Amino acid sequence: MLGVCYYPEHWDEKIWADDARRMREMGISFVRIGEFAWSRLEPKRGAYDFGWLDRAMDVLGKAGLKIVLGTPTATPPKWLMDEHPDIAPVDEQGRARGFGSRRHYSFSSETYARESATIIEALAKRYGNHKALAGWQTDNEYGCHLTVLSWGLEDLKAFRNYLRKKYQTTDQLNEAWGNVFWSMELNSFDEVSLPNLTVTETNPAARLDFWRFQSDQVAAYDKMQCDIIRKHSPGRFITHNFMGFFNEFDHWKLGENLDLASWDSYPVGFTEQFPFSEVDHVTWAETAHPDIAAFHHDLYRGVGRGRFWVMEQMPGPVNWAPWNPVPKPGMIRLWTWEALAHGAEVVSYFRWRQAPFAQEQNHAGLNMAGLSELSVGGQEAQQVGQELKKLGDLPKSQQAPVAIVYDYEASWITRIQPQGRDFLYHELVFRWYEAVRRLGLDVDFVPPGHDLKGYKLVLVPSLPHVSDAALKVFEKATGVVLYGPRTGSKTRNFAIPQGLPPGPLRELISTRITQVSSLRPGVVEAVKGKVAGKAERWREYLETNAEVLAQFANKDAALIANANHHYLACWADENLLHATILLMSKKAKLKTYALPPHIRIRQRGEYSFAFNYGTKNWALPSKAKPILGKKSLEPQAIAIWRN
Ligand code: GAL
């Protein structure tokens, strides 16, 4: 269940065999290679050099390792960029983004699609049936370094085609976008421009379509890769390594191309980047916040339709966050076990050996810079290897009792028209997730419109556009459902629904929303009733026939219930949110725990796991007899027991 990312092209061939042997010895069975190696695979146009990769794959395979081969398309080589400068992505200010790092291509470049197809086909034909090959990774972290939205001529050309197909006539386009406003009407699709470089705000409907279009371009580019691979490499899985808190394209859609999802877990860096309070930043600086990694395990298990890997697990300090502390002793082991508890099939560390050169020289590896000597993180990984050997196979994950509906468009819509600067979708969903996890409940993420059968509690933190498909499953849901602010507030074409929000949900919750108010920091409204706390950032004004469970100070409804459907009319502070989620869990008849902030638990089949992110011991439930770990769970320790 362990893997590692390896770059044979970075090291003398003479040490490959020893590296491979040491990987096996520490319990590693998978090795991902190749994803940035284009300049070594094809140093000049058409002059392939596969010799080194042949030898590397043989050496790794002979040692008993199974290989995941990455397509090298995240790093087009210099000769290609010089031949075709139009491949480069263009930033929102209209500047081409240059050669010299990575991801320097636009998803709309037809030239690049062709060039990618050629190298992938060559690789797939040569290695598709290699004995040691387990599967493929397409590209590397689509969209990393903000490369989904590109604003060049290639993008414009493709966007016009997309709109032509979607709207057929400019009348329909004008109608859908509301182009009568500010004389934005167009007479031909050739008049469409990209929604950038305008004097003030661009039309939100245009912007949303542009985002959808670019998101589709990513999925289509990926599908092109998958189709070629499947043709030449039957029986091998295909995955892609997604990122943390990354909403730039629709991962549900792209996930349909793949056999399993994978993601790159750098919890300390993600904690640094997340809008936590200063106090929280300090508290979690060297362990990461206890929900950061778990949130993504659950999300990507969903994207992979039940199957996911961690393709890159941080093995120590990284190089790219504002601060990059050494994780507390035990954390590399803890994160590995936590991923497994959440259903990961494999946890693969990034990277085998720290590179003493180039951009990532300050990024730890399982081995210290340039050496064949395990780092602290390497030793912890080795420990997990031994523990796994003792424990044997882990049971299968089961459906969780709680579903969170996660929507990429919700992120786009609330960023295109924030209305309140701090209405951050990813933060909102994370806070709801945290509140459920503090109750000891397991969570599945599902896309809007996904079957909700079997879920006792369904949380919809915010879903501005409620599609017909989403509405249908909400109507059929038998569990307790809670919708959050802005749900149903926009149509598919980014307009306010006829008859006011929550649009299609009006009947289900017997309510309409007449006003919304965004609240600057420091402006709060008290909420009281069956739950209590404060509204901050955002508050809505409801006209409702539903049962009122809690009210704002002026007696307006803040939380309502209509049969099993509930609506929370604000951004809730921690107290209000936790009380609301607890109330919903009770209504759903779920058994909850009151976990301290630093403890999390999770079920995988008949195994229970506990993780301690804090500084104080925690006593396992009295009946638990640990098969790994101790009854008194120490800081940064883990425990496993049978239910
Ligand atoms: C990931 C990326 C890797 C490496 C790593 C550093 O985002 O896939 O190639 O850059 O970050 O933490």
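No hydrogens, no waters, no symmetry mates; every other heavy atom, side chains included, goes into these values. Fair warning: this is a prediction, and the values are worked out from it, not measured in the lab. Order of listing sets the numbers, starting from 1, for every ligand and every atom in it.
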Worksheet item: Any chance the rings of H251 and F249 have centres within less than 6.0 Å?
Response: yes

Discussion item. Could you report the tightest heavy-atom contact between M368 and Q354, atom names first, then the distance?
Written reply: C-CB, 4.0 Å

Practice prompt. Sorted by first residue and then second, give each ring pair (Phe, Tyr, Trp, His ring centres under 6.0 Å) pair with at least one member in residues 353-375; sequence neighbours left out.
Written response: H10-F357, Y266-H363, F350-H363

Worksheet item: Which residue pairs pass the ring pair (Phe, Tyr, Trp, His ring centres under 6.0 Å) test when at least one of the two sits in residues 54-77, sequence neighbours left out?
Response: none

Discussion item. Residue by residue, ordered by chain and number, which ones reach under 4.0 Å of ligand 1 with a heavy atom?
Written reply: F36, R102, N140, E141, D264, Y266, E312, W320, F350, E360, H363

Worksheet, complete the sentence: In short, salt bridge (charged side-chain N to carboxylate O under 4.0 Å, His left out) pairs touching residues 260-269 with sequence neighbours left out are none

Worksheet item: Do you know which of E387, E380, Q636 makes side chain to side chain donor-acceptor pair (under 3.5 Å) with R333?
Response: E387

